[in-house]
Protein chains: 4
Amino acid sequence: MARSRTPTALRRTPQQERSRAMVERIIAAGQRVLLRDGYEKASTNRVAEEAGISPGSLYQYFPGKESILAAVVDRYSAELSTRLTAVLADRLDERGPALVRSTLDGLLDALEENVEFLRLVVQELPRSRQGSRTADLEQRIGDLVAAYLAINRSQTRGAEPATSAWIVVRLVEHLTVQYVLERPSISRATFVDEMTAMIVAYVGPPDATRTRAPS
Amino acid sequence: MARSRTPTALRRTPQQERSRAMVERIIAAGQRVLLRDGYEKASTNRVAEEAGISPGSLYQYFPGKESILAAVVDRYSAELSTRLTAVLADRLDERGPALVRSTLDGLLDALEENVEFLRLVVQELPRSRQGSRTADLEQRIGDLVAAYLAINRSQTRGAEPATSAWIVVRLVEHLTVQYVLERPSISRATFVDEMTAMIVAYVGPPDATRTRAPS
Amino acid sequence: MARSRTPTALRRTPQQERSRAMVERIIAAGQRVLLRDGYEKASTNRVAEEAGISPGSLYQYFPGKESILAAVVDRYSAELSTRLTAVLADRLDERGPALVRSTLDGLLDALEENVEFLRLVVQELPRSRQGSRTADLEQRIGDLVAAYLAINRSQTRGAEPATSAWIVVRLVEHLTVQYVLERPSISRATFVDEMTAMIVAYVGPPDATRTRAPS
Amino acid sequence: MARSRTPTALRRTPQQERSRAMVERIIAAGQRVLLRDGYEKASTNRVAEEAGISPGSLYQYFPGKESILAAVVDRYSAELSTRLTAVLADRLDERGPALVRSTLDGLLDALEENVEFLRLVVQELPRSRQGSRTADLEQRIGDLVAAYLAINRSQTRGAEPATSAWIVVRLVEHLTVQYVLERPSISRATFVDEMTAMIVAYVGPPDATRTRAPS
DNA sequence: AATGAATGAGTGTTCATTCAT
DNA sequence: GATGAATGAACACTCATTCAT
């Protein structure tokens, strides 16, 4: 019972290492099965077989089927998040349209990395099986955008930063995903231009000195 | 005995009436089961039990499980579509911000009519089970918006009407649905204001200097 | 209730005529369904549909599924029997090898008339579904053969006519059927020659004056 | 714990033993169900119940219903084949009538071992469910008989050995089976006498004047 | 007589989960 | 820890038969 909680800071015991490796193996197998067989045919037995372990062993690492699939989606979300963060890391000094443009570009890059699985998650999986990571992410990014807006945007428009942030986050998320999945006959450059124009027009130009079109 | 032979084309025989009633009963039962038990647990046997008929009888009216659930979703989509059409019918002469505002209002009204089932469809059902109704509607409305933009909007911005229409349709659809489902702490009035502002700013205000096509 | 039993000898009432016609229609439909869908898929509902009547009406003419299929097989057996009788009718004066040969020829002709259905009956249908006609026929023909043997054959061999008849009837029946169904690489002429030789050798030449090979 | 790793190739692990036992148990249950309920009523659920296991367990050992029933029939065919082979093994030096007689006797013994199941297979099961074992056996025995005839029989008759073999094999098979199943009022001794006489007369007695291949 | 909607027990099969080893 | 045989309720669907009309 008195299992020490990571005794020396970040070090893990060999058992924990092995356990983590096994969890990863199961998640990877789960993703392969989902891609190969689709959601309806993805059974625990198939995941176990794909992972090269026995069905019983699954339950040493996960409490049930749902949590396995949720972990698969969560890992994907985490990958997306990581990729996006990496891309944006060296654009931290940008502001206004350039920042928006960079964000859109990074997001599209990240989403295009694994379109097949993105399609699976968005179109095949019931939202209720998608873990909490996406919602968390929306929340966190929403907070960041709100903070940014509170600091940077012009004072001519009256909405709460939180309101604009809520709208912008969902707008960006959904439209980029749909663009990648639907591939409408719009070039990526045009899509980014349009989205940037829309967002900039909506949240207002960052520079208060800039003249706005008379309402 | 003297069963009339449907002299005027549109009259229905009693059997047809009974059949229609049964179809309705099954669809209603399917909707209740979906709401009560969720998509994964919605089985033909449960639908039959909920409808108060035997499992075999289902197959007199539907070819299989998929078609039953599809009919449930289709009926809901048809209701949505009907309500929206009705609301917008007497606003056909509006232009610009007023038209946008009316559309948003109508859409929100329609979506709020049955939030519970909207949540089910959007969050529980895999997109692939949602029938073609939604996609059809998106397409049709997209065409309408593109046509409107081609005629009405100012020439100051360069994007193709089809491009703007694609973006605006998905934006409006997703954000209104999410607003109704998430109920963020944004008043409906504010939400409509913000959306209207965003869309008008994006597609560009109708150019007052440009001659409008006579209504 | 006091329905007259064919009042004037062979005449039938109109109802009885209609009934007989319906029975025939159902049997014909049953045969088509068996040929089209196979035994395992041949359901009463399909037979009714094929006959152009409602499933319920089947039970006005037959007590159940089994009896329908039995009637189909029986009608086929009756056809076989009729054809065989017709072929043999003008050979009644023959004796010995010529009679055997004629019988084999006639039987092969009759069996080849509808090989598809013969295959179905012999290979797909459980024997227990084959009605009693075949067994009856075997019995009757066996009796005839026994009578023939009792009168015609040489007295040098000692078996009971009934014994030889039992053997010969089954031998002829099974081998001709198998020949038609398996189509081994044996010409029909050779097959008939061989069968004739075997039977004649077995039951003994009809003419006592003929020299037999020393045992 | 120290589970031996099957050092010598032919040893089986306990799991394999258990698996074999389970397969046997299912086959035996299948046979009992077939005998008790008949082919049409023999369902996987009944077999499972009779075997004292759950329906799901069936599918750990067999891929489906057909293969279970096929295994039942195959096991019976294998038993028949084994018994027949054993009986004939010590008669290999016989020729002519004695060989025919031994074969018939051995065949009748083998068939009489389990008349109940023989009846089931022959009369209840559609031929198409009888596996390939019977057809294989027919083919193999046919080849043997043809070879025997090619070497041993007199040259007085002209048919191809393959032709005579085809006829004799089917004749012997069908008549012995029918004798056992129908039990006509013919003593077994008489039946064997008659059959022997017929076959010997047909294929021709071994020509005593002809030099035999040295055994 | 004829209908055909309704039945409901039944089918073969799957699969998340358990537990003795 | 790991196994994998065993489970058994559940699934989608069928069909011989009935019976109110």
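Chain letters run A, B, ... following the sequence lines, proteins first and then strands; every chain starts at 1.
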Within a radius of less than 6.0 Å around CD of A:Glu49, do more than 12 heavy atoms belonging to other residues, nucleotides or ligands occur?
no
Whole Å only: how far is the [atom1] atom of [X] from the [atom2] atom of [N]?
X	N	atom1	atom2	result
B:Lys41	F:dA12	NZ	P	11 Å
B:Tyr39	F:dC11	OH	C1'	13 Å
A:Ile68	E:dC15	CD1	C1'	13 Å
B:Asp37	F:dA10	CG	C1'	13 Å
A:Glu40	E:dT14	CD	C1'	13 Å
B:Gln60	E:dG8	CD	P	13 Å
A:Ile26	E:dT17	CD1	P	14 Å
B:Leu69	F:dA12	CG	C1'	12 Å

In Watson-Crick or G-U wobble terms, both distances under 3.5 Å, what is the partner of [N]?
N	value
E:dG12	F:dC11
E:dT21	F:dA2
E:dA1	none

Which is more 5' along DNA chain E, the nucleotide nearest C:Ile53 or the one nearest D:Pro63? Just name the residue.
C:Ile53
Want to settle it: does C:Leu58 or D:Gly64 sit nearer the 5' end of DNA chain E, counting the closest nucleotide to each?
C:Leu58
Compare side-chain N and O positions of [X] against OP1 and OP2 of [N] and report whether any pair is under 4.0 Å apart.
X	N	answer
D:Ser57	F:dT7	yes
D:Tyr59	F:dT7	no
B:Thr44	F:dC13	no
B:Ser54	E:dA6	no

Nucleotide of E:dT11, F:dC15, E:dA16 approaching A:Asn45 most closely (side-chain heavy atoms)
E:dA16
Closest nucleotide among E:dA6, E:dG4, E:dT11 to the D:Ser43 side chain:
E:dT11
Are any non-hydrogen side-chain atoms of D:Ile53 and D:Arg25 less than 4.5 angstrom apart?
yes
Please examine the side chains of B:Tyr59 and B:Thr44, heavy atoms only from C-beta on, and report whether any two atoms are closer than 4.5 Å.
yes
Let me know, please, whether B:Lys65 or C:Gly56 comes out on the 5' side of the other along DNA chain F by nearest nucleotide.
B:Lys65
SB check B:Arg36 B:Glu50 (cutoff 4.0 Å)
yes
Is the closest basic N to carboxylate O distance between A:Arg20 and A:Glu24 below 4.0 Å?
no
Interatomic distance, A:Leu69 atom CG to A:Tyr39 atom OH [nearest 0.5 angstrom]
6.5 Å
If you look at every strand shown and take non-hydrogen atoms under 4.0 Å, does A:Tyr61 touch a base, only sugar-phosphate, or nothing?
sugar-phosphate
